[in-house]
**Student:** 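Before I ask anything, let me first share the structure, which is written out below as structure tokens.
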There are 2 protein chains.
Amino acid sequence: MVTRKEVAELAKVSEATVSRVFNGIGPMKPTTKARVLEAAEQLKYHPNAIAQSFARRRSGNLGVVLPYMPKVHLFSAYYFSEILSGIAEQVRELGYDLLLSLMKPDESLDYASLYRSQKVDACVILGARDTPGQRESLMHLQEQGYPFCLVNQRFEGLSFHEVDADHVEGSYQAVRHLQDEGFRKIAFLNGSLGYSNSVDRLEGYRKAMQDAKLEVAPELLLEGNYSRKSGYEAASRLWELRDQVEAVFAANDRMAIGLMQALRERGWVGGRDFAVIGCDDSDAAKLSDPPLSSISVPFFEMGKEAARGVLAGVLHGEAVHPARIKLPTQVVVRQSSKGNQANRSQKS
Amino acid sequence: MVTRKEVAELAKVSEATVSRVFNGIGPMKPTTKARVLEAAEQLKYHPNAIAQSFARRRSGNLGVVLPYMPKVHLFSAYYFSEILSGIAEQVRELGYDLLLSLMKPDESLDYASLYRSQKVDACVILGARDTPGQRESLMHLQEQGYPFCLVNQRFEGLSFHEVDADHVEGSYQAVRHLQDEGFRKIAFLNGSLGYSNSVDRLEGYRKAMQDAKLEVAPELLLEGNYSRKSGYEAASRLWELRDQVEAVFAANDRMAIGLMQALRERGWVGGRDFAVIGCDDSDAAKLSDPPLSSISVPFFEMGKEAARGVLAGVLHGEAVHPARIKLPTQVVVRQSSKGNQANRSQKS
DNA sequence: TTGTAGGCGTTATCAA
DNA sequence: TTGATAACGCCTACAA
């Protein structure tokens with residue numbers, strides 16, 4: 001390995017000068033600088049990042065924490081890959097690296113060890129759930145002054161740095177869209193209320209129904225677990241209620257698609273016999289048949305913003321003052337939510 | 001920050017002894033060990049990973065290199081997320097961390113800088129393509145003795161450490177399955193031959209057709225780019241040839257689904273009017289309508305094996321002797337490939 | 001079984 | 001504008 005020392009010798013300067021050149025610090029004679037760069041080039045010198053981290057007491061790594069659940073695709077791959085890409089883009093712009101950490105749920109209490117070992121300067125946490133254990137460990141993190149940002153999950157009552165999408169408004173838009181298409185009997189297939197997303201979506205749904213002076217019958221509220229299978233299963237309950245339901249708003253695309261699949265087996269086709277709109281606007285929405293209307297969520301931008309936020313704190317030495325950022329969503333209309341008065345009147 | 005020194009003082013031993021206890025090295029009196037652990041516990045001491053890396057001259061990080069292509073979902077998210085999970089699992093078992101690096105294609109020549117900066121001890125490279133530039137930079141890497149492993153991509157003529165699936169056999173199985181269902185006019189929608197996968201699949205297809213004494217008409221060979229859209233577009237060519245085609249083998253699920261979508265618009269339904277089988281057995285295969293038969297590829301295991309391989313080299317100080325590992329694939333039969341003599345005879 | 005001490009490659013402070 | 005030099009926290013011969 002080529003070290004600073006060898007460069008210094010070849011360039012006939014001190015080691016300190018080599019560092020200065022490479023870090024662009026302090027005034028220096030252009031000729032000296034040129035000599036050093038020349039020598040470095042010749043020796044193919046590359047600063048040792050680890051030694052730098054050690055001396056600077058900063059790793060230059062942003063930690064990204066994901067829940068590790070083998071074989072369980074609770075979150076669509078789409079969700080993670082978009083957020084990750086956003087984080088990666090921001091991180092690269094700031095000259096940071098990205099340390100991925102898959103944590104088993106039961107280890108989640110140990111977020112802090114990541115920091116203590118000094119392998120990361122800050123963290124972005126994905127896929128957290130609102131449980132007492134999580135709350136406690138996050139509060140602990142905050143107390144110790146470790147900078148972190150939660151993506152797509154709020155913790156009501158606590159003030160963390162959070163980047164979220166406006167799921168209340170998104171859901172409102174979704175239900176509103178169904179209403180605009182002429183539907184009035186609208187069911188809601190939600191996910192676990194352990195995710196703030198779900199809570200928000202319920203609120204948006206309720207609001208849209210109220211504003212339209214529509215009743216929210218309790219049996220129109222279904223709960224799945226964000227998997228395709230749970231959507232598939234929810235369909236049987238919906239089928240029993242088919243006289244009371246014209247349209248369904250599902251809290252993600254996978255459940256929406258599972259639902260459509262199950263109802264199709266009974267001869268009910270989405271976008272013809274009933275309407276469906278999902279959430280996420282994932283790839284799957286384009287792949288399904290009929291193509292699924294959905295609420296698009298700016299996952300990429302959320303990841304980018306989260307990374308920007310935490311790293312700004314680290315780089316400028318400012319404390320990250322807890323902000324709650326909400327990015328807007330958008331309705332993407334495809335076939336599954338098309339209104340069709342003719343068919344609907346036949347039914348009733 | 002609590003350091004080893006403070007622990008040593010509290011436990012009334014030397015710093016070296018603290019290290020020994022934490023690294024489980026050398027013989028030591030149980031009582032000493034207990035005293036050290038007690039002191040560490042009390043002070044909440046955690047070894048500084050960066051200082052360790054620095055002293056050991058090993059980062060403890062495995063680099064994972066992905067091609068960075070914003071907004072271009074060339075590879076299905078499924079592919080990456082499965083391989084990544086496999087890598088993550090292995091890495092955690094070996095006490096390593098995972099450094100993610102998204103590289104723009106034009107930067108790919110600079111793999112080596114990752115190693116030179118000492119941020120990673122080894123790399124797993126995903127989504128490489130067989131281009132002259134890539135070949136050159138990979139050969140360069142190898143010459144310099146940097147350990148790396150390619151996943152799902154072979155470089156014919158060079159001997160790198162590679163973990164692949166047996167795509168030749170997989171394709172053979174796929175085509176064979178279509179033949180067993182009674183189809184004889186089988187088209188092949190492949191991806192770019194810049195990926196060894198595509199080359200392999202073509203070979204498997206050819207072999208299966210030959211073994212069944214079926215002719216491979218050149219017009220039955222189509223090429224897309226692994227996107228849904230390209231599958232959708234390929235459909236128009238297939239439609240023109242509809243008298244010569246009963247079934248299609250597509251080199252991935254996304255193209256297969258795009259194909260089905262386009263043909264359905266013309267009234268041709270997969271699994272009824274024609275048969276389709278894809279590759280990857282991604283989530284999308286279960287989401288499509290009809291559910292898509294596919295060749296399942298053990299991405300998770302491939303990632304795990306790749307990580308195991310490169311890290312074994314690093315940990316045991318052995319050179320990674322270039323191995324070419326091939327994991328088996330499997331046919332997953334769903335509705336899209338069902339034979340249906342009745343309909344097919346109607347057509348002809 | 002334990003202690004001593006040199007070294008790892010930088011950064012950053014203080015002089016010159 | 002540049003050079004010395006003390007950290008940084010840990011590993012690891014070597015010595016005792």
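Predicted model only: the values in this text are computed from it and were never measured.
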**Student:** For residues 14-25 of chain A, which residue pairs qualify under salt bridge (Lys or Arg N to Asp or Glu O under 4.0 Å), counting only residues two or more places apart or in two chains?
**Tutor:**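 Sorted pair list: A:Arg4-A:Glu15.
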
**Student:** In chain order, what residues pass the ring-ring contact (aromatic ring centres under 6.0 Å, His included) check against B:Phe160, with sequence neighbours excluded?
**Tutor:**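 For B:Phe160 the ring-ring contact (aromatic ring centres under 6.0 Å, His included) partners, ignoring immediate neighbours, are B:Phe148, B:Phe155.
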
**Student:** Identify, with sequence neighbours excluded, every residue that meets side chain to side chain contact (heavy atoms under 4.5 Å, CB included) alongside B:Arg324.
**Tutor:**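 With sequence neighbours excluded, B:Arg324 shows a side chain to side chain contact (heavy atoms under 4.5 Å, CB included) to B:Arg154, B:Glu156, B:Glu162, given in chain and number order.
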
**Student:** With sugar-phosphate meaning primed atoms plus P, OP1 and OP2, does A:Ser53 contact a base, only sugar-phosphate, or nothing at under 4.0 Å between heavy atoms?
**Tutor:**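 It contacts nothing in the nucleic acid.
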
**Student:** Which pairs count as side-chain hydrogen bond (donor to acceptor under 3.5 Å, both in side chains) when at least one residue sits in residues 52-62 of chain B, sequence neighbours excluded?
**Tutor:**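 Checked against side-chain hydrogen bond (donor to acceptor under 3.5 Å, both in side chains) - neighbours excluded - the pairs reaching residues 52-62 of chain B are B:Asn23-B:Arg56, B:Ser59-B:Asp121.
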
**Student:** Run the salt-bridge test on A:Glu305 and A:Arg308 with the 4.0 Å N-O cut-off and return the result as yes or no.
**Tutor:**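 Salt bridge between A:Glu305 and A:Arg308, a charged N being under 4.0 Å from a carboxylate O: yes.
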
**Student:** Please work out which residues in residues 35-42 of chain A have a non-hydrogen atom less than 4.0 Å from an atom of DNA chain C and list them by number.
**Tutor:**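 Per residue number, the list is empty: none.
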
**Student:** State which residues pass salt bridge (charged side-chain N to carboxylate O under 4.0 Å, His left out) with A:Arg35; sequence neighbours excluded, sorted by chain then number.
**Tutor:**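 With neighbours one apart ignored, the set is empty.
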
**Student:** Partners of B:Tyr96 by ring-ring contact (aromatic ring centres under 6.0 Å, His included), sequence neighbours excluded?
**Tutor:**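 Counting only residues at least two positions away or on another chain, B:Tyr96 forms no ring-ring contact (aromatic ring centres under 6.0 Å, His included).
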
**Student:** Which part of the nucleic acid does A:Val13 contact within heavy-atom distance under 4.0 Å: base, sugar-phosphate only, or nothing?
**Tutor:**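 Sugar-phosphate contact only.
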
**Student:** Sequence neighbours left out, what pairs pass ring-ring contact (aromatic ring centres under 6.0 Å, His included) with at least one residue falling in residues 29-50 of chain A?
**Tutor:**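 Matches after skipping sequence neighbours: A:Phe22-A:Tyr45.
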
**Student:** How does protein contact run along nucleotides 4-16 of chain D, one letter per nucleotide 5' to 3', with B for base contact, S for sugar-phosphate only, - for none, heavy atoms under 4.0 Å?
**Tutor:** B---BBBBBB---

**Student:** Check the distance between D:dT2's C1' and A:Lys33's NZ and give it to me in whole angstrom.
**Tutor:**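 After rounding, the gap between these two atoms is 16 Å.
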
